[in-house]
Amino acid sequence: MGSNRKVMILPGDGIGKEVMAANIKVIDWLAKYRSLDFDITEDEVGGAAYDAYGTPLKDETLADAMGMDAVLFGAVGGPQYDELPFELKPERGLLALRKEMELFANLRPAMVFPPLVEASTLKPEVVSGLDIMILRELTGGSYFAEPRGIETLPDGSKKGFDTNLYTTAEIERIGRVGLDLARKRDGKLMSVEKSNVMHSGVLWKEVMTALHAAEGEGVTLGHMFADNCAMQLVRNPKQFDVIVTDNLFGDLLSDCAAMLTGSLGMLPSASLGATDDATGMRKAMYEPVHGSAPDIAGQNLANPLAQFLSFAMMLRYSFDQGAEADLVEQAVSQALASGKRTGDIMAPGCEQVGTDGMTDAVIAALNELAR
Ligand code: NAD
């Protein structure tokens, strides 16, 4: 019998293909031992799609993705595509998906698994037990708002400019996602802007305050300037639960928070769109933060854990399968505790394994946890 959970799998290029193949083993495990089935459609994206179809994202692939409950994405890119014209570059496929699906909310958790405390550049007591979420507005603000451009001035010199613009509706919709997330976590939402120097920040704070008063039951709202937030993230990151911020500040703060955890191979993300009134489902795409890692591709060296953790986010946020999401996360933690490590997170006294070995360790942990 077909499942009513429609998922599109887009492995992409380089290690994207390897970590996705590993992820399918976890998906198969859940189908076999938890009766959790997905109706899966797989296709090419990025350089692989260019090789197969002459475009980084076929119209049919996009149309299929638009009809899915969730898209699980690997990574795209590679040096062999560097000379392609801009519109044919692998990354255009990813950006087109994000744009057409109107994925306005980007969720980047920063979680430190106990066995990886030493991988952070910060002191263990600062990061141990860290579990925070950065929520970044992804489709507005200074990366998209008009006017923007480079113009020549009367004296022949130039000016380059961007606009940081947010409307009430844009702030409210990302604010609602923030309230929802906080409600499902520890109930704390920190809204971050620069209302001391930017008009868009003044409105951001006003709208967040009003939204919280109207719809924020059960959530404590705080406000912080973005520069202070950057400082607090490295001083005492555990003070935060969910941080909600605009596109530009979110870009910087999510990378800063990511590095608290130590490795690119451990970082998942989710990008969510609006909820469909008819089905109640949100458009959503889940992907590891890392790229296609051409330097290690095809060598069984990639860490698949960021991909697995992205899949766990899919279970939690698209399919409300919190118990299964917890199970996958616990299995990742247990696999790390068993001392198995890919090269990127290798530590003294641990056993270095490849993508396959790390995947086997997670499957073994799932078997043990399910006992
Ligand atoms: P990258 O994330 O691919 O790799 C950076 C470094 O981290 C490399 O040394 C790589 O070996 C290592 N690394 C990354 N993921 C790893 C993993 N899972 N396990 C072990 N090591 C890992 O970034 P880059 O080298 O700047 O970019 C390579 C290509 O990926 C480029 O074409 C870039 O445009 C593309 N890219 C794609 C995405 C995406 O698809 N979302 C994101 C970033 C970069």
Side-chain angles (χ1 to χ4, degrees), residues 8-23 26 43-51 56-57 61 65 71-99 101 103 106-108 113 116 119 121 136 138 143 251 254-255 258-259 261-271 284-314 332 335-336 340-347 350 352-359 361-362:
M8 174 165 253
I9 285 189
L10 296 172
D13 306 318
I15 66 164
K17 291 223 182 304
E18 297 166 63
V19 294
M20 191 65 84
N23 200 155
V26 175
D43 209 339
E44 303 288 4
V45 68
Y50 174 77
D51 292 340
L57 183 71
T61 314
V71 175
L72 189 61
F73 192 95
V76 290
Q80 66 272 46
Y81 307 110
D82 281 354
E83 303 310 318
L84 286 176
F86 186 70
E87 352 38 275
L88 293 179
K89 284 192 187 296
E91 291 75 7
R92 301 315 298 168
L94 173 59
L95 295 178
L97 277 165
R98 285 182 184 156
K99 181 164 181 272
M101 292 170 74
L103 303 173
N106 183 232
L107 283 63
R108 294 254 305 250
F113 289 93
L116 290 186
T121 46
R136 166 188 173 194
L138 204 57
Y143 291 0
D251 193 4
S254 61
D255 269 23
M259 273 306 107
T261 70
S263 171
L264 208 48
M266 294 299 303
L267 299 171
S269 79
S271 302
M285 184 153 77
Y286 299 87
E287 52 178 316
V289 169
H290 63 72
S292 56
D295 55 333
I296 59 164
Q299 301 168 57
N300 189 30
L301 291 174
N303 181 349
L305 299 181
Q307 182 72 54
F308 298 171
L309 295 170
S310 303
F311 170 66
M313 291 184 84
M314 183 182 100
V332 165
L336 291 167
K340 301 273 196 325
R341 299 291 159 84
T342 44
D344 58 312
I345 48 173
M346 187 55 191
C350 292
Q352 188 159 343
V353 293
T355 312
D356 289 349
M358 202 68 225
T359 306
V362 171

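For ligands, and for the atoms within them, numbers begin at 1 and follow the listed sequence. Just so it is clear, the values below take in all heavy atoms, side chains as well, and ignore hydrogens, waters and symmetry mates.
- In this structure, the side chain of S292 does not engage the main chain of I15 through any donor-acceptor pair within 3.5 Å.
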When the side chains of residues 82-91 are checked against the rest of the protein, which donor-acceptor pairs come out under 3.5 Å, sequence neighbours left out?
{"from": "K89", "atom 1": "NZ", "to": "D82", "atom 2": "O", "distance (Å)": "2.5"}
{"from": "K89", "atom 1": "NZ", "to": "L84", "atom 2": "O", "distance (Å)": "3.2"}

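- Side-chain contact check for Y81 and D13: no donor-acceptor pair (N or O, by modelled atom type) lies under 3.5 Å.
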Residues 296-310, side-chain donor-acceptor partners within the protein, below 3.5 Å, at least two apart:
{"from": "Q299", "atom 1": "NE2", "to": "D295", "atom 2": "O", "distance (Å)": "3.2"}
{"from": "N300", "atom 1": "OD1", "to": "T355", "atom 2": "N", "distance (Å)": "3.0"}
{"from": "N300", "atom 1": "OD1", "to": "D356", "atom 2": "N", "distance (Å)": "3.0"}
{"from": "N303", "atom 1": "OD1", "to": "L305", "atom 2": "N", "distance (Å)": "2.9"}
{"from": "N303", "atom 1": "ND2", "to": "G265", "atom 2": "O", "distance (Å)": "3.3"}
{"from": "N303", "atom 1": "ND2", "to": "D344", "atom 2": "OD2", "distance (Å)": "3.1"}
{"from": "Q307", "atom 1": "NE2", "to": "N23", "atom 2": "OD1", "distance (Å)": "3.4"}
{"from": "Q307", "atom 1": "NE2", "to": "F73", "atom 2": "O", "distance (Å)": "3.4"}
{"from": "S310", "atom 1": "OG", "to": "E287", "atom 2": "O", "distance (Å)": "3.2"}
{"from": "S310", "atom 1": "OG", "to": "A306", "atom 2": "O", "distance (Å)": "2.8"}

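- Using a 4.0 Å heavy-atom criterion, the residues that approach ligand 1 are I15, A75, V76, G77, G78, E91, L94, L264, G265, E287, V289, H290, G291, S292, A293, P294, D295, I296, A302, N303, D344.
- For R341, the side chain to side chain donor-acceptor pair (under 3.5 Å) test picks out no residue, with sequence neighbours left out.
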Worked check of side-chain contact (heavy atoms from CB on, under 4.5 Å) between R136 and D251: CA-CA 7 Å; R136 166 188 173 194; D251 193 4; 3.7 Å; yes
